[in-house]
**Q** 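Starting off with a structure, shown below.
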Amino acid sequence: MAATAPIAVPGPVVKPLPQPHAPKPAALKVGEAPRELERQPLVLNNRSIGWITDAIAGICEKPMPKWWWPAFIVSAGIMSMMFALITYLISTGVGVWGLNQPAGWAWDITNFVFWIGIGHAGTLISAVLFLFRQKWRTSINRSAEAMTLFAVACAGIFPVVHVGRIWFAPIFLAPIPNANTVWPQFKSPLLWDVFAISTYGTVSLLFWYTGLVPDLATLRDRATGKIRKIAYGFFALGWTGSNRHWSNYEKAYLILAGLSTPLVLSVHSIVSFDFAVSVVPGWHTTIFPPYFVAGAIFSGFGMVLTLLIPLRALFKLHDIVTTRHLELMCKVILATGSIVGYAYGMEFFIAWYGGSPYELYAFKNRAFGPYWWAYWTMISCNVISPHFFWFQKLRTSALFVWCASIVVNIGMWFERFVIIVTSLHQDYLPSSWGYFTPSWVDVFTFVGSFGLFMTLFLLFIRFLPAIAISEVKGVTPQADPHHPLGGAKGHH
Amino acid sequence: MSDIFPKWTNKLPLMAGIAAVVVGLTVTAGITYYFTPKYTRVGYQPKQPVAFSHAIHADQLGMDCRYCHSAVEKSWFSNIPSSGTCMNCHSQVKKDSDKLQLVRDSFASGQPIPWIQIHKTPDYVYFNHSVHVNRGISCVHCHGQINKMDEVYHAKSHSMAFCLECHREPEKFIRPNELVTKLDWVNEGFDGKKAVHDWKVQPGQSCSTCHR
Amino acid sequence: MKTIPPLCPEPEVGPKYWRSLDQLADQPEFRHWMEREFPAGASLAPEGESRRDWIKLMSASFMLAGVGSFVGGCRRPEETLTPFAKQPEGYVHGKPQHYATSMPVRGSAVALVAKSYEGRPVKLEGNSLHPDANGGTDHFAQAALLNLYDPDRAYRHTQAGSDVKVEVVRDLLSASGKKFAANGGEGLAFLTERSGSPTRNRLQDEIAKKFPKSKWFVYEPVDFSACGRALSVLFGADVQPHHRLEGARRILALDCDFIGTEQDAHRNIRGFAKGRRSSDDQMNRLYAVESLMTLTGGNADHRLRVRPTDVVKVAAQIGVAVLAKAGISGELAGTLQQLAAGSPASAAWAQACAADLFQNKGAAVVLAGYTQPAAVHLIAQALNAVLGAFGPALVAIKSSENRADGSISECVAALKAGLDTLIILGGNPAYNAPVDLEFAAAAKKAKNVVRLGYYEDETAKLASVHVAAAHFLESWGDARTGDGTWVPVQPLIEPLFGGFTEIELIARLLGLDKVSPLDLVRGTFGTDDAAWRKFLHDGHLAGSAAKPLDFSAADLARVAQALAAEKPVAGSGYDVVLARASSVDDGRYNNNGWLQEVPDPITKVTWENVILISPTTAKELGISESANAKDGQYRQHLLKITVGSRSVQGPVWVQPGFADHTFGLALGYGRTETGRVGRGSGFDAYPLYLDGSRHVATGAKAEVVPGRHLVAVTQEHGLMEGRPIVREANLEQFKTKPDFAKNMDLESHLPHYVPFKEKPDGRNVDPRPQNIYEHPYDQNPSTASKIHQWGMVLDLGSCVGCNACVLACQSENNIPIVGKDQVARGREMHWMRIDRYYSHDPEAVVTSETAANDPQMAVQPMFCQHCESAPCESVCPVNATVHDEEGLNVMAYNRCIGTRYCANNCPFKVRRFNFFDYNKRETDYAGAQSQHFFNYGNLYKGPAGVNRNEAPEWEIIKLVKNPDVTVRMRGVMEKCTFCVQRVEQAKIAQKVKVGNSGDVAVPDGGVRTACQQVCPAEAITFGNILDPDSAVSKLKRLPRNYSVLGFLDIRPRVTYLARIRNPNPEIAKIEGRTQPDTLRDYERFRHESPFETHGHGPAHEEKHAAVVPQKGAA
Amino acid sequence: MSASTNTSYGLLASFETPADIMDAAIKCRDAGFTKWDVFTPFPIHGMDAAMGVKKSQVGWFTFAGGFTGFFTGMTMIWFMNSHDYGLVVGGKPLFTPLYAFPVSYELTILFGSFATLFGLLFLNRLPRLHHPLLAVKNFKKATDDGYFLCIEAGDPKYAPEVTRTFLVEQCHARLVETVED
């Protein structure tokens, strides 16, 4: 059985069929598609279905590699620092951050929008690509969805703790009957946010979990320890792989993907309403919803790449997460990065064309005011850097892609910072203009959120299949009953 | 070796469903219990240092509320009478009663009597007695039938919803000014709607009415 | 059910500022504190009889606190109500009481009405019954209340440094009285502050009688008597000036900040604003010749910037021209001619100014500032005589002060000659005496130094006996206001710490039978009880104002003679001006947090003084960096200024409009012995304050010292960037288009296809664009009151920017101070701020150097505008800020969760957030953290820091809180409420009054907001805009009325009246300023003029409606 | 252990490739079995048709949930901000569907998603932690790379020996075992 084969070593090939294509075809042959037009297989080296199970489930069954524990301890330490700082914040006051009178929001909401943006790629990869029948999604969707959840968790922290009296927030924000008969105020985009983010978090969780159920069943059936058996068994809900179940399951998954797609688009639109609905010059912009959504996808794919490239290297998953996957994601980054760049330009144009001197000032101030450095960091990272992906050589270099994905993330953080802080710090009345400088608590709380993110992610790869097992199996030729590798006889 | 889950576990979903309903109802009830009457203290009936009976004074003897609570028409605060006020009568009536020892001591020494506060609005609520009793709102609406109480207790909820009830429909509660201390008054033919219109009673329902 | 369910107590909104006094008195900590603070077992040990006093005096017995914090137990604490055992006569619990009193200041006084709750004064207002007042006060009077509840004030009497009982002090005084009675007062001297108190004068006379050999010295470091001395020369009698600026149409201020830091500034503001408000040909015109950039200069129509030692030259130059026009020649003209030599003012400027003054003979007045030497004052009075100012704009009245035997230098001489006992009544000479007199060293020579002081300050260190002084709100006394009217000083509270008053101390020394201050004042007043009651009730004695001296007594020759003898010092090197601080005065308010935190009206610097220099001087000194905030904070160079052998060092502030070659230093900071508030604030400028030169030293040298100093300012950007925020025009322009202010900004540019609302809504004067939705007030009529809709108008024409409203608001609305560190971080809490904008026209030809150095200044009070369609409201997720039925944008603090979204979305940035528990936690006061990134102040310690609510001495300071206003806790947003507590109280009072009737509308003027009430300029009008006859409605109909950022269509209920400047056309030509610089800026940025028709906006709409016939006529 | 009872759950046949089990499923369908199922580690394309399974009804749950969500949102907002306590906020109308839309939209999706998941669980009668098949050791490959077909004993056409023969001979099952209940 392949179950004992180490994952690093290629498992046995099911049938000794010849490679579908010669390594170097000398010339095009009649009846054979040119190589360039043929799709790259999604799983390389003709791995068997059992090998896929072993490779993926093996990660969370075998002891973690040596780097896992140090990584986990460091991440958990950083996460604990964040919780300590949040305790400090709540016990002492929002003043421990660098906020001030014109800049009532700064790093808090910047971090929120940053994380929620990152949280967009997962559901997008899963849902939108699923609807578009992009089968390459199968090898990245699980980790991307997990990343979504963890990013939403990080994002959710900031708007919650940024309020002055957090102990009242849940009571006053929730529409529950009370003796004061005062209700939440539904005209506020912040309340829309509450609904959007919690819906997004919940639906993403449902979607992710729905996808996990068959894989949990796999883990259950492979489990040896009692605890694992009970835990995986409990969450697998008694999944048997019944085809009658699969039938409903596929339908439900499709529906969830269908629901998640407009959800993804709406969530960042609503986040952008926080700004677009206001009167602050630089915020009050109708372009924000599409611009924010594009930016979110942009940053989300950036983060997926940032995580996936080391992951595939560390767990030797090159056959499942192939270079083709990287390339496709780079193309998405290139496309969304261009949309973002266009939006930056269009903002300036409209500020000029709109004829409001206040608006025009706000944009001039962004580029040439006291925060010019933030603006130009953003431009270099978000507008210029994606264009390297026009070159295939760069798209296929994992190291370059990884570095570029980090640059994209930096740029997207600055984008939110620029939008929030430069608009607030100089608005209508020059008398109230000010300047925002972060405090150490701002900085380390943000750093701490990465700790939370990484901790959750490390736990995820420790205990759950980082790649959707059943879905990857489903896209292999061996899974096709009409394909020779699927056992079809004769009629090929 | 067998399946790790025994057969009864198949009932878990049903049990979980039932549990969810029960927990949900309990939480709702709990919230209703803890949050809703947060400031109501309905039923609070502490033992006062002097066993003063409103039933005797206000009902049997027919004293007007304002004899003792003299500031109620002038101030936001309806004062607790000073020991001197008690002694106006009790220097003549029942002047040797044991029950009145504390009053006499207080009057002599100047040490105030530590009455226990029953009705209290939160600190951020600026309730004003004078504007209510001068505009036809009776004591009874907020304090209940004090004139029937031997020991005063908290009769009404005093929650914001309770205040709004009347502020939204004052016509149901309003009465002529001279009747505000008649706690037994039954409306027979007084046209609340007309009074509300003629007196321009427009009680505020927005925050500033009570919170400043 | 007999018990309450165990509920978790609601976390309180803001700390509870006071609990039952009874409860307080029973707390062990408090008892402990009382024992510690009153070791002599003085007047207020809360036991037995005294306890009753305590309760009577501050009987806050019912105002129970929601005790404890939210981490406490889950059971509601049982609370008691402790009524009076015997109720005081006529006392209604819960009703505030008002008493007339007055605040004596330097021989003058501010007539006040104090509001008292449960025996505790909580707010001071001006006494509008006073014949020479309008109910306004200055900011010092507003802040004086805080001094009363200062836990750092002198709370004990000491002898040789150790605490003594009050009896010891009494015995000591009578013993030394007896001793000196025996030797005729040999070796006895008094050193007092200026006072016009008739009772003190009477006692001073008795001292002179009983102790004929004793000496009486009067000393004030900031002494406003120079003007009176010059006037005395003119009139040949001991007189003092009484300005009536309402009668002046032309004012020339010679380094005289008469609306800022001069004596009785609030009176001057009243007069000045009155002459300003008309915006027609009767409008006054102000020329300011000054070295510092002051409010007076900022409000001037023409301002000439000269170094202080040159003011005399300009004064003389104008004097020469005026005399020439008046045809007066002779000695005076000759002397002036000599003095005018080298005047920095252009001849044309001086001629034009003189001509204008002379043309308005009989309505022109010249004022000279206290920093200026006698020569300038003599010139000013001579000019007043020539210009016929006496009578209409200025009168000389008999001085209300007794003559003294000298001032501080005579006192030091006497000390050096040997004194037995020096009695120092008030003042702080050890800190503020001219430094070359070495007062402290001299005082040590006296055998005994008895000092009556409000603080244990620098002078207290010298005293062998220190007697705690009573606050004026704790004292009986009397005073005379600037016009000579006799006013009472009435106590509202027993002395909290058993302090003495000045007159009682003198009386005890005299060994009088009746020494209680009340008896002493009655002794002066007389025995007529009815008159006495009226005196106390009205707060002044009718008809007691001093009679103006007849002008015929004036003799110019005397002035000429005196002037000839004056040899004003010529400026050399750098001049140094040592000025009265706009916040802490001469240092007396150093421990007053409200004043420390109120920004300087010009520089907006808080919590300290700076060395003001002009941009040119900065360049000379090699300080290239302008005063721009770097990273949001001002880290200023340090400068060391040396005059002779003495030097001071402080942070530099480059001040536009400041005179070149001049340093401006405010006095009163850098105290070594002060309370926790004043500790470490600013640097001491007194080392340069010398007996000979006093306020202006010259020949100074300066060097830049390495290092930087953090300066906390409340306004970082001073230019309007061409935005029409303050809208202003010159009088001539205004006449051509009175509604110019409506023809500015984007609202005048609506595209033609934007429809206007057909029907006016009855609330907004200007037509507004039709929205897709009706306002709920119109759509759901039940949401709007048909009785009241509140609105406010602020007249920028009369507002001078004096800060009184800022402090009145702070006092009324329980606004906390946040400390220098927090101000530097941009977290000040003032609900009302006064925006100060500079403007200059780069193309203008100005009299000196660059235009940027001679900016125009405009001020604009900014606070919640109560927008009818408020952007802040719609973004609040929890309904914590909404509109009430009457148009107020209200904040429900207890609902607020503190998202700060409302503050972000406020276009005016007037919302204030409690970043910390400023009420509960002690701030760092003047101590600032050195950097933004790391912070370790008290506030940052959170729960580990000091909790004021638990520190017993804070029970005292909490008494200053207004019980009508919630004290906000951390995490809560707050802002101007239109004094909703006053609005509601007025409505309630009206309803209580009318009972069962429908006459519930509050009469016009029935609600006065705190800022309106205090405003000496009467620039603020509040009222019901539904009533077309209300004052506010009338003002809103004026063509000058406009909304700031009106184009946002948020319909602010606060509107502004455009400011009108009244320049002299001739000088305007010289200066090249044919219109205000802000307007010029606007035209340059926007390429349009409000005086030309363009676009489609309210102003045009109005024209269509009303001005069509005129078109036909034209 | 279910060995103590004599009742059997059914017959479990295992197959090697998707194609094999597809063939077997077609044969079972044609043989008229009703209580039988196919177990695969991933959904096999065309198996529904091969088994004759009807289209999934999950969508109806989604629709009901989504509709409820939207309606709940609109009603709740109208009730809270306009009907029960209409406060004047920002000069905007007490209620318009415009500002209520974002929240209603989110609730549509939220309720729809929950309904989908719960609909799925309901239709599949999950969770069912205990299942006779899960006790079969060989069946663990059903979530790895094994393909199984089970004909339940409750099927009217079920007859232990006949059915076993059918599975082995007609369907070419590699292995057929009896599953204890």
**Q** Based on non-hydrogen pairs under 4.5 Å, which of A:G238, A:G241, A:A252 is most in contact with chain D?
**A** A:G241
**Q** State the CZ-OG distance between D:R125 and A:S242, to the nearest 0.5 angstrom.
**A** 12.0 Å
**Q** Looking at OG1 of A:T240 and CG of D:L126, how far apart are the two atoms once the value is rounded to the nearest 0.5 Å?
**A** 7.0 Å
**Q** Evaluate side-chain contact (heavy atoms from CB on, under 4.5 Å) for A:Q185 paired with D:N81, printing each intermediate quantity in order.
**A** CA-CA 7 Å; A:Q185 204 277 98; D:N81 281 182; 4.3 Å; yes
**Q** May I ask you to name which of A:G474, A:S266, A:A217 has the most heavy-atom pairs under 4.5 Å with chain D?
**A** A:S266
**Q** For a quick test of reading the model, state the closest non-hydrogen atom pair linking A:I270 to D:E106 and the distance between them.
**A**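 The pair with the smallest heavy-atom distance is CD1-OE2, 3.2 Å.
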**Q** Is there a side-chain contact between D:D145 and A:Q478 (heavy atoms, below 4.5 Å)?
**A**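 Side chain of D:D145 against side chain of A:Q478, heavy atoms only: no contact under 4.5 Å found.
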**Q** Are any side-chain N or O atoms of A:Y249 and backbone N or O atoms of D:N124, one a donor and one an acceptor, separated by less than 3.5 Å?
**A** no
**Q** If you count heavy atoms of other groups shown closer than 6.0 angstrom to NE2 of A:H245, is the number above 12?
**A** yes
**Q** Of all of D:D84, D:L117, D:T108, which one pairs up most often with chain A through heavy atoms under 4.5 Å apart?
**A**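 Counting heavy-atom pairs under 4.5 Å, the top option is D:D84.
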**Q** Less than 4.5 Å to any heavy atom of chain A: does that hold for the side chain of D:L94, its backbone, both, or neither?
**A**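 Answer is backbone: N, CA, C or O of D:L94 sit under 4.5 Å from chain A.
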**Q** Checking an interface table here. Which of residues 19-33 of chain D come within a heavy-atom distance under 4.5 Å of chain A?
**A** D:A19, D:D20, D:M22
**Q** Can you name the nearest heavy-atom pair linking A:G50 to D:D144, along with the distance?
**A**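 That would be CA-OD1, 3.6 Å.
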**Q** Quick one: what part of A:Y200 sits under 4.5 Å from any heavy atom of chain D, side chain, backbone, both or neither?
**A** neither
**Q** Could you tell me whether the side chain of A:W246 and the main chain of D:T40 form a donor-acceptor pair under 3.5 Å?
**A** yes
**Q** Any chance you could measure A:T210, atom OG1, to D:L121, atom CG, to the nearest 0.5 Å?
**A** 8.0 Å
**Q** Ignoring hydrogens and geometry, is there a side-chain-to-backbone donor-acceptor pair from A:K251 to D:L120 under 3.5 Å?
**A** no
**Q** How far apart are the C-alpha atoms of A:R220 and D:L134, what are their side-chain angles, what is the distance that settles it, and do they pass the side-chain contact (heavy atoms from CB on, under 4.5 Å) test?
**A** CA-CA 10 Å; A:R220 173 198 64 198; D:L134 292 176; 3.4 Å; yes
**Q** Identify which part of A:L259 has an atom lying under 4.5 Å from any heavy atom of chain D, answering side chain, backbone, both or neither.
**A** both
**Q** Checking A:T218 side chain against D:T143 main chain: does a donor-acceptor pair fall under 3.5 Å?
**A** yes
**Q** Compare every heavy atom of A:L263 with every heavy atom of D:Y105, then report the nearest pair and how far apart it is.
**A**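 For D:Y105 and A:L263, the tightest heavy-atom pair comes out as OH-N, 4.5 Å.
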**Q** Given the options A:K473, A:E471, A:E250, which has more heavy-atom pairs under 4.5 Å with chain D than any of the others?
**A** A:K473
**Q** Among D:Y99, D:F148, D:Y85, which has the most heavy-atom pairs under 4.5 Å with chain A?
**A**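 That would be D:Y99.
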**Q** Find out whether A:T476 and D:F42 are in side-chain contact, i.e. whether some heavy atom of one side chain is under 4.5 Å from a heavy atom of the other.
**A** no
**Q** In Å and rounded to the nearest 0.5 Å, what is the CG to CG distance from A:N248 to D:L123?
**A**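 Here the rounded value is 4.5 Å.
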**Q** Do D:F95 and A:F186 come close enough that some side-chain heavy atom pair is under 4.5 Å?
**A** no
**Q** With sequence neighbours left out, which residue pairs that include part of residues 191-218 of chain A fulfil the salt bridge (charged side-chain N to carboxylate O under 4.0 Å, His left out) condition?
**A**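 Output for this query lists A:R142-A:D215.
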**Q** Considering heavy atoms only, which positions within residues 52-80 of chain D lie below 4.5 Å of chain A?
**A** D:V53, D:K54, D:K55, D:S56, D:Q57, D:V58, D:G59, D:T62, D:M76, D:I77, D:F79, D:M80
**Q** Between A:V194, A:V203, A:V267, which residue shows the highest count of heavy-atom pairs closer than 4.5 Å to chain D?
**A**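 Looking at each option in turn, the highest pair count goes to A:V203.
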**Q** So do A:T202 and D:S113 actually touch side chain to side chain, heavy atoms under 4.5 Å?
**A** no
**Q** Using heavy-atom distances under 4.5 Å, tell me whether A:P262 contacts chain D through its side chain, its backbone, both, or neither.
**A** both
**Q** side-chain contact (heavy atoms from CB on, under 4.5 Å) between D:M51 and A:R244: does it pass, once the steps are laid out?
**A** CA-CA 9 Å; D:M51 281 180 70; A:R244 293 175 198 277; 3.8 Å; yes
**Q** Given the options A:L256, A:L219, A:D480, A:I469, which has more heavy-atom pairs under 4.5 Å with chain D than any of the others?
**A** A:L256
**Q** Out of D:G46, D:P41, D:P43, D:P102, return the one with the most heavy atom pairs under 4.5 angstrom to chain A.
**A** D:P43
**Q** Most heavy-atom pairs under 4.5 angstrom with chain D, which of A:L254, A:L191, A:V213, A:T53?
**A** A:T53
**Q** With no hydrogens and no angle check, just 3.5 Å: does a side-chain donor-acceptor pair link A:N243 and D:D37?
**A**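 No donor-acceptor contact under 3.5 Å links the two side chains.
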**Q** What verdict does the side-chain contact (heavy atoms from CB on, under 4.5 Å) test give for D:L110 and A:F195, after you've listed the backbone C-alpha separation in whole Å, the side-chain angles of each residue and the deciding distance to 0.1 Å?
**A** CA-CA 9 Å; D:L110 184 68; A:F195 279 83; over 6 Å; no
**Q** Are there residues of residues 154-178 of chain D whose heavy atoms fall under 4.5 Å of chain A's heavy atoms? If so, which?
**A** none
**Q** Given A:K187, which of D:V89, D:T96, D:L98 fulfils the side-chain contact (heavy atoms from CB on, under 4.5 Å) condition?
**A**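 Answer after filtering D:V89, D:T96, D:L98: D:V89.
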